[in-house]
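What you are looking at is a predicted structure, and each value in this text was computed from that prediction instead of being measured. Reminder, nothing fancy here: chain letters follow the sequence lines and each chain counts from 1.
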2 protein chains.
Amino acid sequence: MNKREFKDKVYTELAKVAKAMANPVRLEIIDLLAQGPFSVEQIAHYTGQSVANASQHLQTLKNAKLVQVTRNGNFINYSLAGENVFNAWIGLRELGFAYNAEVEKVIHDFRNGHNSDMNAVDAETLAEMIENDEVVLLDVRPEDEYNRGHIHKAISTPIDKLETYLKKLSKRKMLVAYCRGPFCVYADEAVAMLKDKGYNAVRLNEGFPEWALLNGYPVDSKFS
Amino acid sequence: MNKREFKDKVYTELAKVAKAMANPVRLEIIDLLAQGPFSVEQIAHYTGQSVANASQHLQTLKNAKLVQVTRNGNFINYSLAGENVFNAWIGLRELGFAYNAEVEKVIHDFRNGHNSDMNAVDAETLAEMIENDEVVLLDVRPEDEYNRGHIHKAISTPIDKLETYLKKLSKRKMLVAYCRGPFCVYADEAVAMLKDKGYNAVRLNEGFPEWALLNGYPVDSKFS
DNA sequence: TAACTATTCAATAATTCTATTGAATAGTTA
DNA sequence: TAACTATTCAATAGAATTATTGAATAGTTA
């Protein structure tokens with residue numbers, strides 16, 4: 001094997017990994033699987049795809065070793081192959097944020113539409129607020145995602161049942177809602193609704209996996 | 001804009017960035033540009049592409065905002081758009097290393113062919129060796145890359161002129177060669193040649209940009 | 001074993017990507 | 001201004017990718 005053949009092989013192999021990430025549906029799947037394992041049907045549902053199409057994309061991700069498979073009864077569950085997959089996804093996401101004005105613009109426009117653009121708090125600030133007991137932290141993801149792991153001291157208030165929790169929340173305390181990540185809109189919806197009802201609410205600008213894996217802040221988890 | 005439209009737009013924009021990286025030639029270009037700016041002709045030469053083809057790939061990278069352009073006389077120089085591009089590339093590379101056995105195998109096989117598989121040292125170890133003055137550090141990249149920036153205390157011994165430097169090197173000291181990165185083979189060639197002539201030589205398992213940007217170890221640079 | 005269920009496969013047409021070739025362009029030097 | 005040079009553009013054919021549809025499969029439950 002000469003120099004050129006060697007380089008061709010190495011970069012071709014790495015390009016295969018990049019190709020597996022080079023599709024919007026698959027990126028959304030990766031972002032979703034950062035929460036934990038999901039069945040094909042769940043993945044199809046959350047990403048708005050047909051089951052066959054979701055399955056096809058999952059095969060692509062599996063072949064590139066980005067996801068792994070476990071069986072649970074009738075269901076096949078997919079999850080990220082490891083922390084490096086999340087890291088690569090974050091690297092890509094940060095790159096998109098930094099140099100592609102289009103990405104920021106879309107987010108900005110969307111949040112403006114929800115009157116929540118200025119209502120985001122970063123992880124560091126939130127950590128301080130928790131420390132000082134200044135905040136009630138709301139995990140607005142579906143309950144089973146909360147059960148797998150959540151930010152320490154957060155309470156589960158899934159977005160579609162949030163209204164039933166309202167009476168337990170104080171209008172004097174600051175409420176911080178978080179969900180799956182910066183592109184997850186449950187938190188935006190929660191903030192919009194809470195403010196509408198007269199509560200003090202902001203969202204965390206990222207989500208659970210960033211809190212846990214990037215920042216290493218405390219979590220409550222089944223596994224710890 | 002509803003939820004689904006918002007997500008589609010965000011993930012589609014990020015997929016564009018991933019698509020720009022999803023090609024072996026473009027990954028090799030990114031890896032090369034991590035050394036600093038190069039002209040189209042140089043890029044074509046180092047990657048073994050036609051000028052027209054290299055230019056086309058550079059347009060793709062430019063449209064995705066991964067590279068930027070400066071003009072210098074008759075030449076147009078391309079360089080990475082920023083540190084986030086390097087970070088994303090490293091994220092991808094580490095992912096390939098970790099889960100894609102094929103990548104490791106190719107590297108292993110190639111280095112075995114050069115009898116140098118076991119002759120690599122990592123950055124931390126090298127930093128200690130430098131500290132203790134146990135080592136002579138050889139930058140075997142082309143001289144102009146050395147001039148742009150190199151590891152502190154390294155001397156320039158470009159691979160194609162390495163033989164002329166031999167008489168100045170001691171057989172009693174350990175020699176460590178480095179080049180552009182883990183896939184750069186100049187360092188392997190240097191180690192093979194040096195050992196053949198009876199010197200003690202190993203390569204650094206990564207290259208200059210990793211040393212400088214990832215590990216933050218000391219460098220000598222035009223700009224610092 | 002039979003029925004059932006979640007998932008995968010296969011075929012297809014539309015779209016996108018890629019390397020090659022040779023011509024066109026923009027900027028520099030004389 | 002004219003000649004020159006580095007780079008880009010345009011056209012093309014072959015290859016790869018994608019969503020859709022409906023059928024096939026493997027594993028589970030009764």
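Closest approach to the A:Ser55 side chain among D:dC9, D:dA6, C:dT7 is made by C:dT7 (side chain taken as heavy atoms from C-beta onward).
A cation-pi arrangement, defined by a distance under 6.0 Å to the six-membered ring centre and an angle within 45 degrees of its axis, is absent between A:Arg4 and B:Phe110.
One can place CG of A:Asn77 at 15 Å from C1' of D:dG27, the figure rounded to the nearest angstrom. Spacing between atom NZ of B:Lys62 and atom P of D:dT8 amounts to 6 Å, rounded to whole angstrom units. Note: CG (A:Leu61) to C1' (D:dT17) measures 14 Å, nearest angstrom. To the nearest angstrom, C1' of D:dA19 lies 13 Å from CD1 of A:Ile29. Taking atom CD1 of residue B:Ile76 and atom C1' of nucleotide C:dG27, one finds them 9 Å apart after rounding to whole Å. The nearest whole Å value for the distance from the CZ atom in A:Phe75 to the P atom in D:dT29 is 10 Å. Computed from coordinates, the A:Asn74 CG to D:dT28 P distance equals 7 Å when rounded to whole Å.
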Original post:
Yes or no on side chain to side chain contact (heavy atoms under 4.5 Å, CB included) for A:Ile29 and A:Thr47, after CA distance, side-chain angles and deciding distance?
Top reply: CA-CA 7 Å; A:Ile29 291 175; A:Thr47 60; 4.1 Å; yes
Subject >> side-chain hydrogen bond (donor to acceptor under 3.5 Å, both in side chains) assessment of A:Gln35 paired with A:Arg141 >> reply: CA-CA 10 Å; A:Gln35 311 301 315; A:Arg141 298 176 299 165; 2.7 Å; yes
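For A:Lys9, the NZ atom sits in a loose shell: 12 or fewer heavy atoms of surrounding residues, nucleotides or ligands are nearer than 6.0 Å. No more than 12 heavy-atom neighbours from other residues, nucleotides or ligands sit within 6.0 angstrom of CD on A:Glu163.
Taking the six-membered ring for Trp and the full ring otherwise, B:Tyr11 and A:Phe183 have centroids separated by under 6.0 Å.
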Original post:
Dot-bracket for DNA chain D, 5' to 3', counting Watson-Crick or G-U wobble pairs under 3.5 Å, with [ ] for crossing pairs and | for inter-strand pairs?
Top reply: ||||||||||||||||||||||||||||||
Subject >> Summary of protein contacts for nucleotides 13-26 of chain C, nucleotide by nucleotide, where a base hit scores B, a sugar-phosphate-only hit scores S (4.0 Å, heavy atoms) >> reply: ----SSBBBB----
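Shown here for A:Val176 and A:Leu204, the closest heavy-atom pair between the two residues is CG1-N, 3.9 Å.
Contact check, A:Tyr78 against C:dT8: a side-chain N or O comes under 4.0 Å of OP1 or OP2.
Using a distance-only test at 3.5 Å, with no hydrogens or angles considered, no donor-acceptor pair links the side chain of A:Asp31 to the main chain of A:Leu27.
Just one residue in the list A:Tyr178, A:Tyr186, A:Tyr146 forms a side chain to side chain donor-acceptor pair (under 3.5 Å) with A:Asp139, and that residue is A:Tyr178.
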